[in-house]
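Counting convention: from 1, in listed order, for ligands and their atoms alike.
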Amino acid sequence: MTVSINYEQHPCFNPKIKGKFGRVHLPVAPKCNIQCNYCNRKYDCVNESRPGVTSSILSPQQAVLYMDKVLEKQPRITVAGIAGPGDPFANPEETIETMRLLRDRYPDLILCLSSNGLNLKPEYIQEIAKIGVSHVTVTLNAIDPDITQKVYRWVRDGKTIYQGRKGAELLLQRQLEAIANLKAAGIVVKINTIVMPGINDHHIVEVAQKMSEMGADLFNAMALLPTPDTPFQELGEPDAKTLAKIRKECEQYLPQMRHCTRCRADAVGLLGADQSEEFHGCLIACSQAFIPLDQKNRPYVAVASTEGLLVNEHLGEARELQIWKPTENGFTLIETRATPEPGLGFERWKQMAEQLHDCRAVLVSGIGTTPKRVLTKYGIQPVEMSGFIEMGLETIYNGGDVSKLKGKRKSINGVAVGCSGTGEGCG
Ligand code: SF4
Ligand code: SF4
């Protein structure tokens, strides 16, 4: 898989064009999976932002609406990035869905992500490479776990929280794996290292050297911006002379980014000519907008049927789903897709939602609460019904009342059979 890279129009990676082209940050990622000692979660993520008031949060669909409006007013925006206000991969569903929607709508837009690297799993890297995310920033503050452990209060992996050396080792291992996998996928990688006096300022050059060996493309040694109510609030900023010396030494290993403006998680405009304030009202309006399901990018409907005439299968039991589309004379079956293997629990429904990314609805005779929730979250409307497939398709495509499709359930010995489970069991 080769990711196509546009070197000419990304202002963060190419200082020569920073006054010509701009970027927008889409705040779709509110949660974080680590606690940095320089971060106060009342403020935006400082990995790619200066502390400020908490941003509005957008859903992936709202992010696309906001992108439309930003481009109308500022056509010089060439990059859409996600940099918080938490971590993009602590919110992987929202992040990947946003990137996918943007890629479908804007084939030439440069897509960019910025992460702490903890949850940048190989499968997510494969997915973003497939979508065409070409630039990723990883914040890596040290390559020695004894230093790393001074920077983070805790690290959360799934439901487990790690502290001290154990947390540092886990974070570091994941960050290095993620960087190697990003490079193997052909993605341009920038490393952000926050220079913290007395913590890692003696160690930055070693980080740059290691990153050069791993094939990283750009290095951004950023000055710590002490944030109130954090363990590092008293640390102080490194002075300009120290920072310049560090960058010069790092330069023997990697090109240096010297034009970073530490932009907010909802930054918009050219670097150094930020328009966040101007777009603030627009961002708020978009965060409150009700967006109906994205029908343009979801032309199909998935159907659980044993013979292609009736909707007669429970989603948990369906080994394949039929994919239907409208034609001038009715509807036609275009393909069948095998459903993910049972036994994966929640992961099965997530995989199914990704598999049905181009479907606006799924017609089933029954569905559990977990798959219903997951599919809905991904923008696929689950419709429980009985009867002819065509009837269901007409209702979906003509905007009819889907609740009327819900007929009498099958019964065994007079007892109605319906699903009242969570959907975990049959997953
Ligand atoms: Fe804050 Fe970002 Fe660190 Fe998370 S990764 S704690 S949001 S600075
Ligand atoms: Fe990408 Fe970071 Fe630039 Fe935003 S500031 S566009 S996340 S490199």
Could you tell me which atoms of ligand 1, counted from 1 in the order shown, lie closer than 4.0 angstrom to a heavy atom of Cys39?
1 (Fe), 6 (S), 8 (S)
So for Ala90, does at least one of its heavy atoms come nearer than 4.0 angstrom to any atom of ligand 1?
no
Best match, Ala83, Ala80, Cys112: closest heavy atom to atom 1 (Fe) of ligand 2
Cys112
Non-hydrogen side-chain atoms of Leu101 and Arg105 separated by less than 4.5 Å:
no
I'd like to check which ligand 2 atoms, numbered from 1 as shown, lie under 4.0 Å from a non-hydrogen atom of His10.
1 (Fe), 3 (Fe), 6 (S), 8 (S)
Close side-chain approach of Leu120 to Leu113, heavy-atom, < 4.5 Å:
no
Of the choices His135, His25, Lys190, which has the non-hydrogen atom that lies closest to atom 4 (Fe) of ligand 2?
His25
Numbered atoms and elements of ligand 2 in range of Cys12, under 4.0 angstrom, heavy atoms:
3 (Fe), 5 (S), 6 (S), 8 (S)
One finds that the ligand 1 atoms under 4.0 Å from a non-hydrogen atom of Ile34 are 4 (Fe), 5 (S), 6 (S)
Can you confirm whether more than 12 heavy atoms, excluding those of Glu213, are under 6.0 Å from its CD atom?
yes
Answer whether the closest heavy-atom distance between the side chains of Glu237 and Leu225 falls below 4.5 Å.
yes
If the threshold is 4.0 Å, N to carboxylate O, is there a salt bridge linking Arg103 and Glu127?
no
Using a strict 4.0 Å cut-off to heavy atoms of Pro85, name the atoms of ligand 1 that fall inside it.
7 (S)
Atoms of ligand 1, numbered as shown, that sit under 4.0 Å from any heavy atom of Asn116
5 (S)
Please work out which of the three classes, parallel, tilted or perpendicular, describes the rings of Tyr66 and Phe279, given edges at 30° and 60°.
perpendicular
Whether Cys36 has an N, O or S atom under 2.8 Å from atom 4 (Fe) of ligand 1
no
So is Gly81 close enough to ligand 2, meaning a heavy atom under 4.0 angstrom away?
no
Between Glu169 and Lys166, is there a side-chain N and carboxylate O pair less than 4.0 Å apart?
no
Side-chain contact test, heavy atoms from C-beta onward, threshold under 4.5 Å: evaluate it for Asn91 versus Val28 and give yes or no.
no
